[in-house]
Structures are given as structure tokens and as C-alpha cells.
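All remarks here apply to the structure that follows.
Residue indices begin at 1 and follow the sequence shown. First listed ligand is number 1; within each ligand, the first listed atom is number 1.
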Amino acid sequence: MKQLHKQTSVNHRSRDEEMAGSHHSTPPCSPKVTKHPRSLPRSIHYFFREQRLLFVLVGILIGYTFFILQPSLSRIGPHETNTHAPLSITSDLSDSSSSSNLFSVVDQPRYRPVGRVPAQIRNRRKRIVVTGGAGFVGSHLVDKLIARGDDVIGIDNFFTGRRGNVVHHFGNPRFELIRHDVVDPILLENFLAGILSFSILDTLFKDDPIPTLGLYLWIENLDIRLYKTNVMGTLNMLGLAKRIGARFLLTSTSEVYGDPLEHPQKETYWGHVNPIGVRSCYDEGKRTAETLTMDYHRGAGVEVRIARIFNTYGPRMCLDDGRVVSNFVAQAIRKQPLTVYGDGLQTRSFQYVSDLVDGLVALMEGEHVGPFNLGNPGEFTMLELAEVVKETIDPSARIEFKSNTEDDPHKRKPDITKAKELLNWEPKISLREGLPRMVSDFRNRMLNEDEGKVL
Ligand SMILES: O=C(O)[C@H]1O[C@H](OP(=O)(O)OP(=O)(O)OC[C@H]2O[C@@H](n3ccc(=O)[nH]c3=O)[C@H](O)[C@@H]2O)[C@H](O)[C@@H](O)[C@@H]1O
């Protein structure tokens, strides 16, 4: 807004200067400059000459289109286009007029009527909050948003996130990083307007399936923490989105399908989840997060998007987060045996992180609430994955079988028909292409031994 005002006053000034200049250069006898008021017929005659009336009418039309018609179209746009229940805008939302107005200008290019838009409005940057912004997926999302010119505020508790993941943005005035745990409310409303993206702690530590007592206590705390992050974190960020009139994207998970009885999994499948099992903190936490998101959408009019993310890998994964791809890669580089849990015949579908980030952005920008499966439909058993890792890093690597964790899903593969049709998105990078990119990142970090070092 400030820029717009500044621009306008500069224009006025330069127009004034121009006029002053032309005044000086006009010869005193010029018929166009006279100190006496024109007579009425002469003024009318002047007005109708050289199509002046036409220019005035066109000017009024342009002004009407962009300053009256456009904001009202932006406001009604989401109601007309959303696939889900119509939004009921509460007094809370419509009261916060400054932020919601800003939001409608900043962040709704698709609802804009066809026609010319003043450059300052079209190119206006979005302001986006990425929770978990220093984490694996979050930091890649930050990279993409900064690269396309958005302002980004990353929030991270550095539980699994690392400053090193976003250190290349330090010093960039368009990036801020806040240390904060989303389990606690955060009051950012004075600074924010725009999309709110939500990317949260997404790790199940499974390094040790039969934990020692100390580790068990730690894991138990972690489970509670995971649940709190998913439920209270989502609630807090939804509240913020509601207060500032921002769009909110929830990164949910394929784990909401549990140990699926339907294969591949469509978004319409309600899942098969053990509510009291060892994984429930995560599965049920994310299911509750989806419920809260839809309730805020239907009940409080918050504009939301839901992504169900399938197993994702790539550079910047924690070296020791216990997931299968990071485990296998780290083990192969360290010349340790690859630990296959159970018989290794369970399946997963692995998506490269840049494909996921493209999908998240398409979802944020699109007009559909979701949920959308975002995953690579290529399905691998863990034994097949181990073979690809061996081919990529060390063909002589050994496999060591270990007992599996409880309630481990037997198979998982996304049906991405909906994302293809409605978001025009599908993954591009196969496992064999993506794995080497991750391996070089892991090698560098292991060599530099900076893992765990606070940058
Ligand atoms: O993307 C998802 O949907 C979810 O994927 C993972 O959950 P999971 O599918 O269990 O992924 P991994 O922990 O990587 O395990 C995948 C399979 O590999 C096996 N595994 C794991 C680690 C290992 O060293 N060896 C091994 O065989 C597991 O038993 C499991 O069957 C993550 O933990 C979740 O955070 C995420 O939301």
C-alpha cells in the first residue's frame, strides 16, 4: 500500500513539474493559456473537440473496473469457486477489514477479472508463513517461495529443523526466521497478511524398535509432543489464519489411511487406523488436524487447503530421523548394513522433495480445498529400495533384517488422479534420479560433521 501511495504522489509531482515546465515554455500569446475564464460555449466546444469526451469516458470505465468492481469480485470469488460447503464469513473475519482487504488484493490472482491490472497490484509479493520452515520439507518450500519473490517468515522450534537448512537466506530482507514452538499461540497479526502455509514436525523416530528405558521415556514424550504439535499447533495456526484472513495449508500425511485396506489409496478412503496403537499419536494427530482444518473452514470461513503427503526424501533430511530412505543412505555411506524391518516386503511410494514442493504450491494457489494426495505412485518393497540404494552407493552393501515396529502399514501407494486433474500436478523425478541428489548432500554433511551443530 505504501508503495502505491508513494508512486501516486511521485506521479502527481512529476505531472505538476511537467505542467510547470510547459507553462514556462509557453509563449505569452499562446491561445491555450489565458488568465480569463472561458465562456461556457467555448468550454463545451473545447470539451467535445479531439475526442476528449471519449477519453474521459474510457478513463471513468477503467477506474470503475479496477477500483470498484475488482475488490468485490475478489471477495465473492472463493464462495463461487470452492468445491466444498459455502464459506460463512463470520463477524471476526469481516471485522478485520484491513488484513482481509489486503489479502484479497495480495493473494487472489485467479479471482481477478480479465483485463489490465496496474503493475504494482499484479506484482505485489505474497507474505507467507512456513511453520517448520527450517526443516526438511519446510526449507525447500522456503527456497521456492523466496526464489519466486515472496516474503517468507519461517517458524521453527529447531526440534528437527536446522538453521543450516536456511542459512543461505540469512541477510535476505525478504526472509525472517523465528524460533517458536507452534504448540504455543503466536501473535503475528500486526505483521501478516497473505497465505499461511503450514508444514509441521513430521518425524516418527524409529531407530530402536525395542527401546531402552531411557529412550522409551524420551520416545513417549516425543509421542505426546507429536500429538500436541499436530493438534494444538494446527489449532493455533488456524486461529491466526482466522484472525488475519489468511489462507491456510495443512500438510497432512498418507498415515491418515493407516494400514490401508484399499490400494492404491484415493482421497475418498477413510482409512484403517488403530486409535490406541504406538503410531496413533501421529496418525490420529494428523486426522484430528484435518478435522480441525475442515471445521474452521466450514464454521469460521477460513480458506484452507489440505495435502496428504506420501513418503518424501531428498537433501536436508535428518541423517538420523529413522526413516527408511535416510537410514539406508546413511548406512550405505558409512559402510554399515542396511537395516530392513520385518520381511522387507511392505511397500512404500517415494517422492522427491522438489516434486512435493511443486505440488504444495499448486495446491496453495489453486481453488480446491482438497484433501489431495501428493506422492509418487512408483511403489517399492523395502528390499527393492535397498537394491536401488546399493546400486547408487555401494553394490557390496549388506542387508540386515530386524524386527518390525507395531502397526507398520503393509502397503502404501497414492492414487493421484485428483491432483493430476484439478491441480495439473504430477511428480517428475523417479527414485533412481532423485536418490543420487540426496546422496551427495548426505556425503557432504557427513564429511563436514556439522550435523547437530547450531549454525
Ligand atoms: O510419508 C508418510 O506418509 C509418512 O512416512 C513415514 O512413515 P513410514 O511410512 O513408516 O516411513 P518410514 O519410517 O520411512 O518406514 C517405511 C518402511 O520402511 C521400514 N524401515 C524403516 C527404517 C529402516 O531402517 N528399515 C526399514 O525397513 C519401515 O518398517 C516401514 O515399513 C514418516 O515417518 C511419516 O512422518 C510420514 O508422514
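Considering backbone and side-chain N/O atoms, Gln331 never comes within less than 3.5 Å of an N/O atom of ligand 1. For the pair Val324 and ligand 1, the shortest N or O to N or O distance falls below 3.5 Å. Looking at Asn327 next to ligand 1, an N or O pair under 3.5 Å apart turns up.
With hydrogens and angles left out, the side-chain atoms of Ser326 and Asp321 include a donor and acceptor closer than 3.5 Å. For the 3.5 Å distance criterion, the side chains of Asn311 and Arg412 qualify, holding a donor opposite an acceptor. Side chain to side chain, Arg162 and Asn165 meet the donor-acceptor criterion of an N or O pair below 3.5 Å.
Of all atoms in ligand 1, numbered sequentially from 1 with element shown, those under 4.0 Å from a heavy atom of Gly322 are 22 (C). Using a 4.0 Å cut-off to heavy atoms of Thr339, the atoms of ligand 1 that qualify are 23 (C), 24 (O), 25 (N), 26 (C), 27 (O). Each of the following atoms of ligand 1 lies closer than 4.0 Å to a heavy atom of Ile309: 1 (O), 2 (C), 3 (O). Close approach of ligand 1 to Val340 is summarised as follows: ligand atoms under 4.0 Å from at least one heavy atom of the residue are 27 (O).
At a 4.0 Å cut-off, at least one heavy atom of Arg279 sits close enough to ligand 1 to count as contact. For Arg412, the closest heavy-atom approach to ligand 1 falls below 4.0 Å.
Ranked by closest heavy atom to atom 2 (C) of ligand 1, the top entry among Ser254, Ser252, Gly344 is Ser254. For atom 17 (C) of ligand 1, the nearest non-hydrogen atom from the set Met382, Lys286, Lys411 comes from Met382.
For Asp184, the CG atom sits in a packed shell: over 12 heavy atoms of surrounding residues, nucleotides or ligands are nearer than 6.0 Å. Annotation for Lys390: atom NZ counts as buried by contact number, over 12 foreign heavy atoms lying within 6.0 Å.
Within the 4.0 Å heavy-atom criterion, the part of Asn404 lying near ligand 1 is the side chain and not the backbone. Heavy atoms of Arg348 found under 4.0 angstrom from ligand 1 belong exclusively to the side chain. Here Asp408 has side-chain heavy atoms under 4.0 Å from ligand 1, and that is the only part of it that gets that close. Only the side chain of Gln346 comes within contact range of ligand 1, with a heavy atom under 4.0 Å; no backbone atom does.
In this structure, the side chain to side chain contact (heavy atoms under 4.5 Å, CB included) partners of Arg287, at least two apart in sequence or on a different chain, are Val256, Val273, Glu284. Leu345 is linked by a side chain to side chain contact (heavy atoms under 4.5 Å, CB included) to Asp343, Leu383, counting only residues two or more places apart in sequence or in another chain.
Salt bridge Arg174/Glu176: absent, no basic N to carboxylate O contact under 4.0 Å. Salt-bridge annotation for Glu255 and Arg308: absent, with no side-chain N of the basic residue lying under 4.0 Å from a carboxylate O of the acidic one.
Listed for the His297 side chain is a donor-acceptor partner under 3.5 Å among the backbone atoms of Val302.
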